[in-house]
**Student:** 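The structure follows.
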Amino acid sequence: QVQLVESGGGLVQAGGSLRLSCAASGGLFRLDAMGWYRQAPGKQRELVAVITIGGSTTYADGVKGRFTISRDNAKNTVYLQMNSLKPEDTAVYYCTSGRVYWGQGTQVTVSS
């Protein structure tokens with residue numbers, strides 16, 4: 001059973017930065033594509049960024065150039081570096097392994 005635990009969320013002013021971490025256990029981390037999704041109140045969960053086993057990345061249009069996803073296979077951890085944050089980035093951010101396993105989510109709030 002894969003377990004994913006996110007951390008690093010919080011409250012930040014617009015223009016600030018946060019780095020989210022997702023620690024994976026119980027599975028073959030190195031074999032899975034990992035991703036970050038987010039869900040704002042009253043909205044559907046949406047893709048933020050994905051990183052494949054080989055390190056290829058995909059980003060939602062609204063975060064390109066501001067967010068960076070990375071992974072450390074030795075630590076079974078995936079990261080999301082978020083810069084130039086905007087109020088519209090406010091959401092609960094979820095880590096996923098292959099869109100099969102999900103973390104509990106971490107709240108990111110960006111004040112204007």
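Numbers here simply count residues along the sequence, with the first being 1. In this text the structure is predicted, and so the values were computed from the model without any measurement.
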**Student:** Among residues at least two apart in sequence or on other chains, which ones pass side chain to side chain contact (heavy atoms under 4.5 Å, CB included) with Val108?
**Tutor:** Leu18, Leu20, Met82, Tyr93, Val110
**Student:** Distance-only criterion, 3.5 Å: show the donor-acceptor pairs between side-chain atoms of residues 48-56 and protein atoms not counting sequence neighbours.
**Tutor:**
unit_1: Thr52; atom_1: OG1; unit_2: Gly54; atom_2: N; d: 3.3
unit_1: Thr52; atom_1: OG1; unit_2: Gly55; atom_2: N; d: 3.3
unit_1: Thr52; atom_1: OG1; unit_2: Ser56; atom_2: N; d: 3.0

**Student:** Can you name the side-chain hydrogen bond (donor to acceptor under 3.5 Å, both in side chains) partners of Arg66, sequence neighbours left out?
**Tutor:** Asp89
**Student:** Holding to side chain to side chain contact (heavy atoms under 4.5 Å, CB included), I want the full list of residues that pass it with Ser17, two or more places apart in sequence or in another chain.
**Tutor:** Gln81, Asn83
**Student:** To the nearest 0.5 angstrom, please state how far the OH atom of Tyr101 sits from the CG atom of Asp32.
**Tutor:** 8.5 Å
**Student:** Using atom types as modelled, flag every donor-acceptor pair under 3.5 Å from a side chain in residues 2-11 to any protein atom, sequence neighbours excluded.
**Tutor:**
unit_1: Glu6; atom_1: OE1; unit_2: Gln104; atom_2: N; d: 3.0
unit_1: Glu6; atom_1: OE1; unit_2: Gln104; atom_2: NE2; d: 3.4
unit_1: Glu6; atom_1: OE1; unit_2: Gly105; atom_2: N; d: 2.9
unit_1: Glu6; atom_1: OE2; unit_2: Cys95; atom_2: N; d: 2.7
unit_1: Glu6; atom_1: OE2; unit_2: Gly105; atom_2: N; d: 3.3

**Student:** State, yes or no, whether a side-chain contact exists between Ile69 and Val78 at a heavy-atom distance under 4.5 Å.
**Tutor:** yes
**Student:** Tell me, please, which residues at least two apart from Ala23 pass side chain to side chain contact (heavy atoms under 4.5 Å, CB included).
**Tutor:** Thr77
**Student:** Quick check: closest heavy atoms across Ala91 and Arg38, and the distance to 0.1 Å?
**Tutor:** CB-CB, 3.8 Å
**Student:** Do Phe67 and Leu80 make a side-chain contact, defined as non-hydrogen atoms from C-beta onward lying under 4.5 Å apart?
**Tutor:** yes
**Student:** Taking the six-membered ring of Tyr94, is NZ or CZ of Arg45 closer than 6.0 Å to its centre and within 45° of its axis?
**Tutor:** yes
**Student:** Are Val100 and Leu47 in one and the same hydrophobic cluster, where Ile, Leu, Val, Met, Phe, Trp and Tyr link if side-chain heavy atoms are under 4.5 Å apart?
**Tutor:** no
**Student:** I need the minimum non-hydrogen distance between Pro87 and Ser112, along with the two atoms involved.
**Tutor:** CG-CB, 3.8 Å
**Student:** Going by the rule side chain to side chain contact (heavy atoms under 4.5 Å, CB included), which residues pair with Lys64 if we only count those two or more places apart in sequence or in a different chain?
**Tutor:** Tyr59, Asp61
**Student:** Quick check on the hydrophobic clustering: are Met34 and Tyr79 connected, directly or via other members, by side-chain heavy-atom contacts under 4.5 Å?
**Tutor:** no
**Student:** Whether the side chain of Asp72 engages the backbone of Ala74 through a donor-acceptor N/O pair (distance < 3.5 Å, no angle test) should be reported.
**Tutor:** yes
**Student:** Among residues two or more places apart or on two chains, list those pairs meeting disulfide (SG to SG under 2.5 Å) that have a residue in residues 53-89.
**Tutor:** none
**Student:** Using the salt bridge (Lys or Arg N to Asp or Glu O under 4.0 Å) criterion, which residues pair with Glu88? Sequence neighbours excluded.
**Tutor:** none
**Student:** Among residues at least two apart in sequence or on other chains, which ones pass side-chain hydrogen bond (donor to acceptor under 3.5 Å, both in side chains) with Thr109?
**Tutor:** Gln107
**Student:** Could you give all pairs that pass the disulfide (SG to SG under 2.5 Å) test and reach residues 40-76, with sequence neighbours left out?
**Tutor:** none
**Student:** Mind checking ring pair (Phe, Tyr, Trp, His ring centres under 6.0 Å) for Tyr37 and listing every partner two or more places apart, or none if nothing turns up?
**Tutor:** Trp102
